[in-house]
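Naming convention: chains lettered A, B, ... in sequence-line order (proteins, then strands); numbering from 1 in each chain.
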Number of protein chains: 2
Amino acid sequence: MDTRLPLYQRIRDDMLARIARGEWRPDKPIPTESALGQEYDVAIGTVRKAVDTLVGDNLLYRSQGRGTFVRRPQFDGALFRFFRQVDAAGHRHVPTSRIIRCELARPPETVRKTLGLDKRSDAVRLDRERIIEADNRIREKIWLPAARFAALVDTPVEDVGNLLYPFYEQAFGEVVASAQETLTIEAAGAEDAACLGIEPGSPVVVIERVARGYDGQPIEYRCSRGRADRFRYQIDIA
Amino acid sequence: MDTRLPLYQRIRDDMLARIARGEWRPDKPIPTESALGQEYDVAIGTVRKAVDTLVGDNLLYRSQGRGTFVRRPQFDGALFRFFRQVDAAGHRHVPTSRIIRCELARPPETVRKTLGLDKRSDAVRLDRERIIEADNRIREKIWLPAARFAALVDTPVEDVGNLLYPFYEQAFGEVVASAQETLTIEAAGAEDAACLGIEPGSPVVVIERVARGYDGQPIEYRCSRGRADRFRYQIDIA
DNA sequence: CAGTGGTCTAGACCACTGT
DNA sequence: CAGTGGTCTAGACCACTGC
């Protein structure tokens, strides 16, 4: 505990650690402000300021009269913001997912480094196809650290739902709290072209994602490919 | 003034309006907290809370011992985040800009609606080429409301610098405070292919941007095109 | 040194929630 | 109704800036 930092920042850091280590779970209330004030032996205003910063960072949310709760991160849908998912009639499609492969394998060098694995360790490889529209699919190659996810290879694919992050939390207690995505364009190879229903050489959008827990440790590496002509991404800059 | 809103929110709204109408200018200090407390006839803590929200939204910044200042928005560089701008030696390139055309013209329907112009009004059309690397250029088509920017067509192009937003502020007092960008991929037409030095049909990244002032009113419509094979975009999701 | 924002406290009162 | 967070106040003391 760095005593040079203001009290409210030290309290903030401690609260963040309690979320990261799972002492406070998503959608569950944290102790009341007066209880925290007593526990940390500070005035309520100081606790409020610490809570304010975490609310500002979207890690907590307040509900007047009920309490303050841990935010459950919700961005499994982030990928779908990238692709048009509205059909001619204006209906939204919820993409379905199909797991093609799930096995222990030796990850490529870049994936190994990204996940922070040592040289000799295997990882769980998960290949998946997602169907946004009849003629618009996404191919995903996913890598997970075997240390935490090895049991996945023995899980029947029926037990894994359409969305992976809720499944990670339910089955392994791993909560994805943030992610970094890198977006590039490349020409489709023969295999991708066949899978995506386009000509070889047609442009393909490649989205690489590293998903991390509250503590910043990498949980998942994911590489998704889809046809570029159905791609649309919108961003607000402030 | 809606008296149902908390005091600090009403003060926040009023301060925002003072920024929007230019009473408080970028990089200039606003009145001290105690002065604002007297002016609004509230306690300093209430002013602090109002200022806190504006600092949180990045519209103000504090400097201890000096004062609180209006943030000068800085995202003219936002476009460059999209394209690789580091050469083989690791040096960063500052793109240069060349204005190709600057005239009054009738804007396309979509541009007219985006800028909120009525049917009969012209707009300033600005075509520009930006050079990121020797073989990587961007073509920009820019539209500006004639009501505020008509004098631009009589301005020598030498007076316009490499960056447009600082010029808008210096010459017209218009400050760009936010923007929305939409990113899609399309096949290069003959003209774009020639300009960008690629084969017709090659993939091109299209970035449409609407730039707005502090008050949310549209200031500029901009459409930029560049070769997709040099494109890279990185985003953090939290 | 005077003046600024930064931190921390203490307490009053209000608005909302669930029982 | 009791308990929660939401608003607002008032004031003490600290740390930094510029003259």
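Within the structure, side-chain hydrogen bond (donor to acceptor under 3.5 Å, both in side chains) pairs that include any residue of residues 27-37 of chain B comprise B/Asp27-B/Tyr61, B/Asp27-B/Arg72, B/Thr32-B/Ser34, B/Glu33-B/Arg48, B/Glu33-B/Arg62 (at least two apart or interchain).
Within the 4.5 Å cutoff, side-chain heavy atoms of B/Cys102 are placed close to those of B/Leu152. Looking only at side-chain heavy atoms (C-beta outward), B/Val175 and B/Pro73 come within less than 4.5 Å of each other. Residues A/Leu163 and A/Phe167 have side chains not in contact (no heavy-atom distance under 4.5 Å, counting atoms from C-beta outward). B/Phe149 places none of its side-chain heavy atoms less than 4.5 Å from the side chain of B/Thr155.
Side-chain N/O atoms of B/Arg212 and B/Ser178 include no donor and acceptor closer than 3.5 Å. Under the 3.5 Å distance criterion, with hydrogens and angles disregarded, no donor-acceptor pair is assigned to the side chains of A/Asp52 and A/Tyr8. For the residue pair B/Arg232 / A/Thr184, no side-chain donor-acceptor distance below 3.5 Å is found, with atom types taken as modelled.
Proximity of a side-chain donor or acceptor of B/Arg112 to a complementary backbone N or O of B/Leu117 within less than 3.5 Å is detected.
Comparing A/Ala43 and A/Gln64 against DNA chain C, the residue whose closest nucleotide sits nearer the 5' end is A/Ala43. Where A/Ser63 and A/Val42 meet DNA chain C, the nucleotide closest to each residue was compared, and A/Val42 sits on the side nearer the 5' end.
Within residues 65-72 of chain B, the residues approaching DNA chain D are B/Gly65, B/Arg66, by heavy-atom distance under 4.0 Å. Interface residues of residues 46-61 of chain B facing DNA chain C, ordered by number: B/Arg48; criterion, heavy-atom separation under 4.0 Å. Of the residues in residues 24-40 of chain B, not one places a heavy atom less than 4.0 Å from an atom of DNA chain D.
A salt bridge links B/Glu39 with B/Arg18: at least one charged nitrogen is closer than 4.0 Å to a carboxylate oxygen. The existence of a salt bridge linking B/Asp57 and B/Arg71 is excluded, since no basic side-chain nitrogen approaches an acidic carboxylate oxygen closer than 4.0 Å. B/Glu140 has no carboxylate O lying under 4.0 Å from a charged side-chain N of B/Arg125, or vice versa, which leaves the two without a salt bridge.
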**Prompt:** What's the verdict on side-chain hydrogen bond (donor to acceptor under 3.5 Å, both in side chains) for B/Tyr165 and B/Glu220, showing C-alpha distance, side-chain angles and the deciding distance?
**Reply:** CA-CA 10 Å; B/Tyr165 293 170; B/Glu220 176 205 66; 2.7 Å; yes
**Message:** I'd like to know whether B/Tyr233 forms a side-chain hydrogen bond (donor to acceptor under 3.5 Å, both in side chains) with A/Glu181, so could you lay out the CA-CA distance, the side-chain angles of the two residues, the decisive distance to 0.1 Å, and finally the verdict.
**Reply:** CA-CA 8 Å; B/Tyr233 179 54; A/Glu181 296 189 332; over 6 Å; no
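Helical stems in DNA chain C, defined as runs of 3 or more consecutive Watson-Crick or G-U wobble pairs with both donor-acceptor distances under 3.5 Å, are listed by first residue as C:1-18 with D:1-18.
How far CZ of B/Arg12 is from CG of B/Leu59: 7.0 Å, rounded to the nearest 0.5 Å.
Counting 5' to 3', DNA chain C first comes under 4.0 angstrom of a heavy atom of chain A and last does so at the ends given by C/dT7 to C/dG18.
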